[in-house]
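Here the structure is laid out as structure tokens; the discussion comes afterwards.
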Amino acid sequence: MSGNTSNDKCLIYENIIYILILSINAQYQYQSAGIECRGKNTITYRFISLSEEIIWAKTYESGFSSNDLGGMARIVYSREGAVRENMKAFVRGLRESWPQSRCENNGEKDV
């Protein structure tokens, strides 16, 4: 195998194209006690093949609080933080649960 040396890189292994589809299931914010503003979102991530076979799918819910004194900034920071936390969960989950069968090369595991 050329170039790929770890399972973290097996997304491009096999020279197959996978399509990432994101579905924002819910996004909202609410005021907590005092000046704290909390943003929350739920996003589903799916990798599909060109033949539309679902390779990997997972939904993550995340939240983030901001207590910046500027009213509009507080809303923006809480929403941005919630999205950032969701993306972190996605990357972590992808690293931990990508199907290992996708990392095989003619019966040999990618090392």
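These values consider heavy atoms only, across backbone and side chains, with no hydrogens, waters or symmetry-generated copies. Heads up: numbering here begins at 1 and tracks the sequence.
Using a 4.5 Å cut-off between side-chain heavy atoms of Ile, Leu, Val, Met, Phe, Trp and Tyr, with links allowed through other members, I24 and L20 fall into the same hydrophobic cluster. Cluster annotation: I55 and V91 are assigned to the same hydrophobic cluster (Ile/Leu/Val/Met/Phe/Trp/Tyr, side-chain heavy-atom contacts under 4.5 Å, transitive).
Distance CZ/F47 to CD1/I21: 10.5 Å, rounded to 0.5 Å. Taking CG from L50 and OH from Y18, the interatomic distance works out to 9.5 Å, rounded to the nearest 0.5 Å. I19 CD1 to S49 OG: the interatomic distance, rounded to the nearest 0.5 Å, is 7.5 Å. Atom CZ of R46 and atom CH2 of W56 lie 12.0 Å apart (nearest 0.5 Å). Note that CD of Q27 is 7.0 Å distant from CD1 of I43, once rounded to the nearest 0.5 Å.
Scanning for side chain to side chain donor-acceptor pair (under 3.5 Å) contacts around R79 gives Q29, with sequence neighbours left out.
Across G39 and S78, no two heavy atoms sit closer than the pair N-CB, 3.6 Å.
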Expected list for residues 80-88: side-chain donor-acceptor pairs under 3.5 angstrom, two or more places apart:
unit_1 : atom_1 : unit_2 : atom_2 : d
E85    : OE2    : K88    : NZ     : 3.3
N86    : OD1    : Y45    : OH     : 2.7
N86    : ND2    : N41    : OD1    : 3.0
N86    : ND2    : Y60    : O      : 2.9
N86    : ND2    : S62    : OG     : 3.3

